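These numbers come from a predicted model, not from an experiment. Residues: numbered from 1 along the sequence shown.
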Amino acid sequence: MVSFHVEATSKCTLECPLCDRTWFYNTFKKRLLHEVDIDALVNFITPNHTVNFCGNNGDPIYHTNFLELCSRLKNNNCELSITTNGSSKTAQWWENLNNILGTKDEIIFSIDGLEDTNHIYRKNAKWKTIMNGIEVFKKSKTRKCRLTWKYIVFKHNEHQIEQAKKLCFKLGFDAFKLEQSDRWLDNKDLMPTKYVDNNYQHQEKVLSDANYRTNMKPRCMNNDLPTNNLYIDAEGNFYPCCWMGTYRYKYKNVFSPKQNNFNIKDTTLEDILGNEIVTNFFESTKQFTSAHECCKLQCGVNNG
């Protein structure tokens with residue numbers, strides 16, 4: 001089985017400081033708004049695969065026809081995971097989504113703190129509408145999908161972890177997932193005193209020390225095959241992972257949309273993975289010396 005990481009849309013209501021979308025707007029003072037073509041995506045992702053909806057730039061729930069997208073993938077027996085900030089949708093919208101999802105599906109609410117802190121990083125998040133959505137699932141007698149609260153630890157919310165965990169299960173969540181970020185190279189002001197993924201130190205060495213070496217563990221691979229969380233952005237462009245699809249790297253690798261060779265409207269997964277250029281790319285990720293810089297940063301083994 002192949003799992004896909006899909007950016008349904010580049011639209012979002014938030015302005016998170018470390019988001020690629022925020023960086024692009026601060027740099028160029030404009031938005032690039034796209035939504036994945038439903039027909040193209042459903043045709044590309046054949047039945048019985050796993051789809052993880054979570055974007056580099058957008059939040060999947062803001063795709064204009066997200067409910068239709070989910071419904072059509074469920075008709076193809078796909079398993080869905082939806083990661084969202086959860087803001088600004090009506091109770092009826094959440095009820096409709098609840099009716100589409102099944103026992104193998106999951107909604108991950110990204111809530112980084114409590115009412116007085118979540119908005120510090122999740123800028124523009126609306127606590128009341130988030131809670132209204134969660135309440136729909138808590139009260140539902142027909143809910144089948146799993147609910148997870150994902151909590152990224154920052155300096156301003158690390159004192160609220162236990163309180164948030166208690167609220168999590170009171171609200172009817174199935175799991176509380178504490179996430180330790182490694183994204184501190186560009187902004188350490190938000191870094192907590194503990195609960196830090198020290199992989200950022202490895203990333204620092206990759207960027208600063210030409211003699212640094214370590215082992216590789218490509219996250220796109222399962223059993224030596226590229227089948228794990230293969231990324232499709234909101235324009236339908238294919239990448240081996242979401243990091244390669246960020247603005248920092250998307251035009252600096254063999255999957256660059258400028259080449260227009262790997263858009264899901266024009267090809268199949270089999271054709272992409274069978275392409276010699278792509279085959280050579282995935283082979284290169286297995287060795288640190290031949291891997292792309294993005295692969296070295298994200299898939300190099302910390303501390304060798």
Identify all side-chain donor-acceptor contacts of residues 234-241 below 3.5 Å with residues at least two apart in sequence or on another chain.
{"residue": "Asn237", "atom": "OD1", "partner": "Asn263", "partner atom": "ND2", "Å": "3.1"}
{"residue": "Asn237", "atom": "ND2", "partner": "Asp233", "partner atom": "OD2", "Å": "3.4"}

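Both tests pass for Lys258 against the ring of Tyr251: distance under 6.0 Å to the centre and angle within 45° of the axis. The cationic atom of Arg31 (NZ for Lys, CZ for Arg) does not lie both less than 6.0 Å from the six-membered ring centre of Phe24 and within 45° of the ring axis. Geometric assessment of Lys188 against the ring of Trp184 yields a negative cation-pi assignment under the 6.0 Å and 45° thresholds.
If you look at Phe109 and Trp149, their ring centroids are not closer than 6.0 Å. In this structure, Phe176 has its ring center under 6.0 Å from that of Tyr151. Between His5 and Phe53, the ring centre distance reaches or exceeds 6.0 Å.
With no hydrogens or angles considered, a side-chain donor-acceptor pair links Thr84 and Asp59 at under 3.5 Å.
Between the Ser290 side chain and the Ser284 main chain, a donor and an acceptor come within less than 3.5 Å of each other. Checked by atom type and distance alone, the side chain of Arg21 pairs as donor or acceptor with a backbone atom of Leu14 at under 3.5 Å.
The existence of a salt bridge linking Lys265 and Asp39 is excluded, since no basic side-chain nitrogen approaches an acidic carboxylate oxygen closer than 4.0 Å.
The environment of Leu185 atom CG is dense: over 12 non-hydrogen atoms of other residues, nucleotides or ligands sit within 6.0 angstrom.
Applying ring pair (Phe, Tyr, Trp, His ring centres under 6.0 Å) to His292 and the options Trp243, Tyr249, Phe255 leaves one that passes, Tyr249. Of the residues listed (His156, Gln160, Glu158), the one engaging Thr117 in a side chain to side chain donor-acceptor pair (under 3.5 Å) is Gln160, and it is the only one.
Note on ring orientation: taking the six-membered ring where Trp is involved, the planes of Phe4 and Phe44 are perpendicular (angle over 60°, cut-offs 30° and 60°).
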